[in-house]
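These figures come from a predicted structure and were not determined experimentally.
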Amino acid sequence: MGEKQKIDMETELASHNFEVSLSPTPIARPTIPAIQLLLKYLEAEGVEYIFGIPGGPLMPIYEALKERNVIKPILAKHEEGAAFMADGYARMRHGLGVCCVTTGPGATNAVTGIAAAYADGVPVMIITAQVATSAFGRGAFQETTSEYMSVVDLFKPITKASMMLMRADKMGETVRHLLRIAMSGQPGPVHLNIPADLARKMIPDEPIDQSQYKSTTHVFDREAVKKAAQALIRAKRPAILAGNGVNSSGAHSELRQLSEKLSIPVATTVKGKSTFPEDHILSVGVFGFAGSPRAEACLLSGNVDVLLTVGTSLGEMETNGWDPHLKPQEALLQLDVDQQRIGANYSADIPLIGDAKTVLREILFQIEREMKWMEDKNERHLSHIKELRRKHPWCVDEEKMLSNDIPMKPQRLMYELGEALPQESVVFVDIGNSMSWAFHYLRMTRPYSFFHAIGLGPMGFGVVASIGAKFANPKSPVIALVGDAAFLMNGNEIHTACEYGVPVVWVVQNNGGHGMIYHGEKVQFGGKFHNSLFKQPVNFVAFARSLGAEGYIVDRPEEFGGVFRKALGSGKPTVIDVRIDLQEMPPIGSRFKALNRYFDDREQSSK
Ligand SMILES: Cc1ncc(C[n+]2csc(CCOP(=O)(O)OP(=O)(O)O)c2C)c(N)n1
Ligand SMILES: [Mg+2]
């Protein structure tokens with residue numbers, strides 16, 4: 001290139017404000033091990049802990065953690081536990097959670113934990129180790145490359161992105177790519193597999209610039225927002241169904257403002273429980289699985305003319321098994337960050353694609369503009385809501401909440417728990433009847449106070465994710481409401497909580513086995529067979545104590561409050577074994593109905 005040509009081109013590029021240099025880039029000197037650059041990015045994300053279990057090729061990450069001395073490694077007891085803890089940590093801090101596991105069995109053990117994060121849209125990064133590149137395809141111990149049992153492929157269907165680091169000097173680029181994917185749109189887990197020889201390889205250091213991978217754009221469709229605002233203003237019987245998308249986008253205050261602006265009743269899905277205060281006059285409780293009769297009366301009455309759904313997949317659990325009556329008379333306004341979900345289960349009349357916080361804010365803005373010229377409609381639906389509250393109870397079998405029966409009614413346990421929970425508590429529930437009781441009877445009033453993994457539905461999640469959450473939020477009391485069978489799946493992680501002084505309180509609902517399955521056997525199969533109850537009782541107090549925790553038995557209703565408060569006050573990890581009545585069945589009939597239709601292979605259409 002001639003000198004003149006070069007100057008012209010430089011001037012031209014400079015006028016477009018391009019960042020460009022035509023002189024050769026000086027070769028940057030390798031000054032940092034690749035694995036440390038990864039940690040630098042995680043530090044910038046505010047990650048304080050990495051949950052995991054070591055193994056040969058994973059050791060460089062522990063060496064790097066020691067050298068940098070910023071993020072602390074937490075030694076889990078099982079890789080599923082490590083993944084669940086990273087998930088609970090991420091949900092609680094509304095940011096990234098990280099776990100690391102070794103190649104082979106470390107990675108396969110973590111699969112359920114990562115799949116659960118995927119199903120619930122939780123941004124977790126899983127780092128797995130790999131044998132050295134020189135050993136690929138040569139039968140190295142625990143090799144899981146594309147040559148054999150590809151671990152990258154294993155994680156593909158259960159993450160938003162799964163990849164192997166191909167060159168040490170690509171670490172920065174690779175991590176930015178994965179972080180961008182994990183935290184944009186519908187968040188979710190990502191997987192990075194690191195060959196052992198690349199981890200310690202020295203590469204050029206680089207400054208961390210979060211603007212290279214974090215998006216701050218807030219996209220919405222103005223026309224759709226206008227239509228939605230007008231539909232909501234015009235509606236005679238509007239309603240809102242709020243899902244987990246409110247949590248993912250932090251749209252709690254916008255949801256509340258919108259509901260209050262037009263006095264629209266709000267039901268939440270099970271995943272959305274705690275996104276709207278359940279003691280609010282406009283709350284009708286949980287709709288769907290184990291939901292409130294009030295929410296059901298509100299949404300399935302056939303009177304709703306405009307229904308706004310916010311961040312819900314409208315799957316089986318969120319719709320009472322795709323009840324066709326959920327379809328409103330006039331218009332379904334479906335707000336979701338994921339375009340692919342729009343219209344998937346119920347045809348949407350006004351699709352609202354985008355982040356819940358952004359779109360709700362715009363709808364509110366539009367409503368305020370339009371209502372300037374109208375009489376105040378603030379109070380207009382209140383009489384209808386009052387009537388709904390008068391006619392339809394919040395929960396079924398309310399009287400059982402005060403029952404003195406022994407064994408204790410689970411409803412009474414929920415009542416006692418509701419009375420004893422401090423305001424700022426965070427509750428994790430597990431899968432089984434234990435969660436169903438909580439969905440139905442516990443009233444949660446603060447955002448980010450109620451968590452579970454109903455997306456995948458893995459037993460053991462609540463037992464362990466609660467520990468991760470307590471790491472993220474040491475100030476709030478963290479309580480895990482778990483079934484006895486679920487507790488036995490991952491109770492070993494109590495040891496981890498004890499080692500790090502993380503005082504979770506586990507309320508084990510002891511009904512002698514898999515209660516939910518037992519009821520299914522009775523309701524669906526007439527009790528022809530039972531393969532759900534334990535043949536031998538479990539001594540949970542001895543189990544807890546053997547791992548370093550406190551343990552108590554509660555077998556009388558009036559004892560629970562005192563023991564629970566003592567456990568919370570002790571600041572020690574504590575297991576409370578509560579003996580409850582197996583024969584009580586939570587209101588989960590819609591689930592059994594949906595299952596029956598599966599067995600009969602009947603069409604499950606909602607449209
Ligand atoms: C890992 C896993 N295995 C099996 C199931 C199916 N399942 C759902 S609930 C349940 C029983 C739960 O029993 P428990 O934890 O004691 O709670 P309970 O229903 O007795 O309150 C089972 C086996 C599941 N959800 N997850
Ligand atoms: Mg049980």
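- Screening residues 339-351 for salt bridge (Lys or Arg N to Asp or Glu O under 4.0 Å), with sequence neighbours left out, gives Lys327-Asp349, Asp336-Arg341.
- Below 30°, between 30° and 60°, or above 60°: for His452 and Phe450 the angle between ring planes is above 60°, a perpendicular geometry.
- Looking at residues two or more places apart in sequence or on another chain, you find a side chain to side chain contact (heavy atoms under 4.5 Å, CB included) between Asn404 and Arg412.
- Between Tyr441 and Tyr415, the distance from one ring center to the other does not fall under 6.0 angstrom.
- Listed by first then second residue, pairs satisfying salt bridge (Lys or Arg N to Asp or Glu O under 4.0 Å) with a partner in residues 76-87 read Lys77-Glu499, Asp87-Arg91, not counting sequence neighbours.
- Atoms CD and CZ, on Glu296 and Arg294 in that order, are 13.0 Å from each other to the nearest 0.5 Å.
- Side chains of Ile264 and Pro238 form a contact here, defined as non-hydrogen atoms less than 4.5 Å apart.
- A salt bridge is defined here as a Lys NZ or Arg NE, NH1 or NH2 lying under 4.0 Å from an Asp or Glu carboxylate O, and Lys409 with Asp581 meets this definition.
- A distance of 8.5 Å separates CH2 in Trp394 from CZ in Arg389, rounded to the nearest 0.5 Å.
- Ring to ring, Phe543 and Phe487 are close: their centroids are under 6.0 angstrom apart.
- Remark: the backbone N or O of Glu260 is not paired with any side-chain donor or acceptor of His280 at under 3.5 angstrom.
- The local environment of CD in Glu398 is sparse, with at most 12 non-hydrogen atoms from other residues, nucleotides or ligands closer than 6.0 Å.
- In this structure, His392 has no ring pair (Phe, Tyr, Trp, His ring centres under 6.0 Å) partners at least two apart in sequence or on a different chain.
- Every residue two or more places apart in sequence or in another chain that forms a side chain to side chain contact (heavy atoms under 4.5 Å, CB included) with Ala119 is listed here: Leu456.
- The shortest side-chain heavy-atom distance between Phe534 and Leu488 falls under the 4.5 Å cut-off.
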Identify each donor-acceptor pair in which a side-chain atom of residues 423-433 lies under 3.5 Å from a protein atom, sequence neighbours left out, and give them as a table.
residue	atom	partner	partner atom	Å
Ser425	OG	Pro422	O	2.7
Asp430	OD1	Gly460	N	2.8
Asp430	OD2	Gly460	N	3.3
Asp430	OD2	Phe461	N	3.4
Asp430	OD2	Gly462	N	2.9
Asp430	OD2	Val463	N	3.2

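- Atom CE of Met585 sits about 9.5 Å away from atom CE of Met516, to the nearest 0.5 Å.
- In this structure, Tyr518 has its ring center no closer than 6.0 Å to that of His514.
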